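The block underneath contains the structure these notes are about, expressed in structure tokens.
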Amino acid sequence: MKKRMSLLFVIMLMAVTVLAACSGGGTAEQPPSQGEQTEQPPAEGNGTETTEPPAEGGDESQGYFEATDPSLNPAAALNRKDTLIVGMTAPKGVFSPFYWQTAYDKFVVEAMFDSFFSIQGDGTYANRLAESVEVSEDKLKYTFKLKPGVTYSNGDPVTVKDYAFAMKVYHDSSYDGQTDMLSVNIKGGKEYNEGKATDISGIKVIDDNTIEIEVTEANAMTKDNLGTVSFVPESYYGKGYKQGNLEYMKELHAKPIGSGQYVLKSFSPGQEVVLEANPNYFLGAPKIKNVIYKTTTEETRLAMFQSGEIDMDMVTVNEDNVEALKEMGFLDINIFPTNGYGYVAMNHKDPKFQDPKVRQALIYGLNRAEVVEIIYGQYANVINIPQSSQSWAYTEEGIEPHEFDMEKAKQLLDEAGWAPGADGIREKDGKKFEIHFSATADNPVIDALIPVMTQNYQELGIKLTAETLDFNAIMDKKDKGEFEMFFAAWGLTPDPDSTVYITDGNQNDIGYSNPAYDAAMKKGLNAFDLEERKAAYAEAYRILNADVPDLPIYQRRDAWTINSRLNGIDITPYKTFAIDLYKAEIEQ
Amino acid sequence: MKQYIIRRLLQIIPTMIGISIIIFAISSLVPGDYITAVNNPTMTAEKAAQLRAIYGLDKPPVERYLTWVGNMLKGNLGDSLVHKQPVTTVMGNYVWNSFFIAFFSLILSWIIAIFAGVFSAKFQYSLFDKIVTLVIFLCMSLPSFFIGLLLIKFLALDLGWFPVGGMKTSGFNGNTWDQLVDIAWHMFMPVTVLTMLSTGGLTRYFRTSMLEVIRQDYIRTARAKGLKERTVIFKHALRNAMLPAITLMGFELPSLFGGAIILEKIFIWPGVGQVYLESISMRDYPFMLGFTVFISILTLLGNLLSDVLYGAADPRIRLK
């Protein structure tokens, strides 16, 4: 049985490799690499409890699947009594809370640095280094109190001066990390950025443990944006700091010092990151002494689990992988919905896509369920609003599921004035209904989507022609607005605020505009009560659902596979394993 | 000879200028830049503009080219955008790992190819020749990922003799010697696959040139003199058959440092190939351009080296 399985997986891996070997890697489906630590719902709100339900009955496509036979554990894994090995794509060595860019560098940063708040399983925030937070009546002044007696791993005490220093770095004109602290509107931040001031006037250090921050404009995310700035020792990171020159920081990326759960012992590029427990961690010394982040690749993850070389890793969720992992018997699998979604964009500057009836016809006339089934099997579902089913803002109330209905689609096109021509292709005002689809190369979604779409739309009387391009080329066309249709995926932030569909929004590449939607989103961002926000976003999603600005396709699954010898690893779509790593332990 | 080398070295300068213009032009004609490649969903337009200004991406291509070349002449290849480190540091981190496996597989494949080529030429159409031909064609035609995964399945998973991948055992602490043994143990499978791939072509090469030489009159003369067959083959024939191969040697120089993209992925070898590939898809131009320049210089030097070696080895060739 085992033999057959391994051979099967070798064959399957071959298929993966063929794809992986040719692709440039820059598909839209990469793990979110944004360095923005933004957007969280207010920590005081009662975020709904969303711990993963056990996978008994019902939905087999997500949940926590316990190992069936832990005794099958390979000796190599069992012999590692005090070491946890986490497999992942190679971190780049940018272990700085200011500059990290990949999700993997972030795992290192999360284990090594702390901030006032830390994220909870449901996407809300709770105090970590903060003892208390006070917000003024007008929401413009935020007073953070730091827990006393915390030290960095080099022995220096943690003070709010370090926080003020971190803010200066974020506001520096030479700062080229991804975090956009200027958009938080701290008073005096812009002046500091432009070099007109030597201090940020809105940040007042009251004593070593108290700091007051004043903003010029507040919204629901301000408090969390302020609370998630990592503490770094100014004595180390600030040595040699001159306003407008952060060049020296590059030297420190590979030699980080923080106040977090672990300290960096060594880093071998492309191979491993070795972390050691910080015995003086303020929440208690981590229970696992050594943690190693070991580089793995898509092709070898299953093999590394089987040989016991890794204890945890993120494996692409599809039927074959999950079956192979379950068959190994000694692995727990935590499958949860990916915090993101795949969609087909339409250019709203193109007259044919401006009619909502046409857009509705395009969604009714596309068998999305079939597309999703081909790509991910049961491990994805068709979505109807651009929000994760795990988010507090998610709603199904008043949402039309747009199920595949060719007749309805045809009828809608008829109503919109597109009449079938002699060759079966619909025409309006002498123009044929043709769609040029810009397709990313070597993307499994495209491979499934294009044939189904071509066939469906042909039946509908629309001619679809696909042109294959490199991902960056499509992104470039998108920025210039020179496209008709393309497929891409968005990663979602824990907070539902987004500029993707807002009129002239930063991420609104499709040129969609609806004042009612804009108003609902604005209401959601500026409300400070969670229920009020929920209602506003539900309204916004209903408008999108009726208007069909783009064709939402699927929300897929992510999974962490964890060796059953480990306990206390806490992972949700919002919270990575590294956040509360100090609680994890190895079963002896 | 000295004059020839100096002249060739001087010729490298205009060639490099041409190469740098071409690769820079290609990189700036390709749509997208680092900011679009990162595709940060929460980045504001102002922030993107700010970053482009910091990276100098907002300047016209000619100005960017001149800055880049100017810095390069001062020995500064710039900072990799993905790694946030100087390009030379990033190259130093990965290139040597690629060099190790490429170097060992080069030595192995040349030794194997020389012997296999000589003997299959000597015993042309014999059973040995047929088997060698079959095996090398098999090795040549199987894709590297296939052999790699097959080896992982049999040697690593079923037999457990070798690790699945990586360059060293995680959490392993030993003295220098133990660590070297550990690396050698991890190197076995990637080196094997790389050797299998490159031996095939080389063997064909040696076999053909050996066959040609063996039929020459002077070989017949040597035999007629009553020389031992071993002396005839290895001293008289092989040395002449090796001449064209010397040219190949020079061309191997860039591939020693270039990395093996697919193989590095399969065996999780921390080589430069994957980093280079990623720099292209991430539009990390400083690294991409820097590494391309590095490889082009090696190629040019390799060409020069093979010409010089050829002249030294074959008295019929006079370099002027």
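Heavy-atom basis, side chains included; hydrogens, waters and symmetry copies ignored. So that the names make sense, note that chain A is the first sequence line, chain B the second, and so on, each numbered from 1. None of these values were measured; they are calculated from a predicted model.
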Next on the checklist: Counting only heavy atoms not in B:F103 (residues, nucleotides, ligands), do more than 12 fall under 6.0 Å from its CZ?
Outcome noted: no
Checklist entry - Side chain, backbone, both or neither: which part of A:D176 has a non-hydrogen atom closer than 4.5 Å to chain B? => result both
Checklist entry - Hey, what's the ring geometry for B:W96 with B:F99, parallel, tilted or perpendicular (30° and 60° as the breaks)? => result perpendicular
Next on the checklist: How long is the straight-line distance from CG of B:L298 back to CZ of B:F257, given to the nearest 0.5 Å?
Outcome noted: 6.0 Å
Checklist outcome for this item: When the 4.5 angstrom heavy-atom criterion is applied to B:P163 and chain A, the contacting part is both
Next on the checklist: If I measure from the heavy atoms of chain A, does B:I35 come under 4.5 Å with its side chain, its backbone, both, or neither?
Outcome noted: neither
Checklist entry - What part of A:D470 is in contact with chain B, defined as an atom under 4.5 angstrom from a non-hydrogen atom: side chain, backbone, both or neither? => result side chain
Checklist entry - So, B:T292 and B:Y276: side-chain donor and acceptor under 3.5 Å apart, yes or no? => result yes
Item to check | Flag if over 12 foreign heavy atoms under 6.0 Å of CG, B:N175 | outcome: yes
Checklist entry - Can you tell which of A:K294, A:Q271, A:K265 has the highest number of heavy-atom pairs within less than 4.5 Å of chain B? => result A:Q271
Next on the checklist: Given heavy-atom pairs under 4.5 angstrom as the criterion, report whether the side chain, backbone, both or neither of A:L182 touches chain B.
Outcome noted: side chain
Item to check | Enclosure of B:Q179 CD (heavy-atom neighbours >12, cutoff 6.0 Å) | outcome: yes
Item to check | Distance (rounded to the nearest 0.5 Å) between B:K84 NZ and B:D284 CG | outcome: 9.0 Å
Item to check | Portion of A:E276 that has a non-hydrogen atom of chain B nearer than 4.5 angstrom | outcome: neither
Checklist outcome for this item: Ranked by heavy-atom pairs below 4.5 Å to chain A, first place among B:V82, B:N97, B:T169, B:I152 goes to B:V82
Checklist outcome for this item: The interface call for A:K480 against chain B, heavy-atom contacts under 4.5 Å, is neither
Next on the checklist: Does any backbone or side-chain atom of A:E309 lie under 4.5 Å from a heavy atom of chain B? Answer side chain, backbone, both or neither.
Outcome noted: side chain
Checklist entry - Is it the side chain or the backbone of A:S173 that comes within 4.5 Å of chain B heavy atoms, both, or neither? => result backbone
Checklist entry - Between A:I474, A:V274, A:T295, A:T83, which has the largest tally of heavy atom pairs under 4.5 Å with chain B? => result A:T295
Item to check | Region of A:V94 that comes under 4.5 Å of a non-hydrogen atom in chain B | outcome: side chain
Checklist entry - What part of A:N193 gets closer than 4.5 Å to chain B, counting heavy atoms only: side chain, backbone, both or neither? => result side chain
Checklist entry - So A:Y99 and A:H253, would you call those rings parallel, tilted or perpendicular, with 30° and 60° as cut-offs? => result tilted
Item to check | Value rounded to 0.5 Å, distance of CG in A:D180 from OH in A:Y175 | outcome: 9.0 Å
Next on the checklist: If I measure from the heavy atoms of chain A, does B:Y55 come under 4.5 Å with its side chain, its backbone, both, or neither?
Outcome noted: side chain
Checklist entry - So with a 6.0 Å cut-off around NZ of A:K190, is the heavy-atom count from everything else above 12? => result no
Checklist entry - Does any heavy atom of chain B fall under 4.5 Å from the side chain of A:S174, the backbone, both, or neither of them? => result backbone
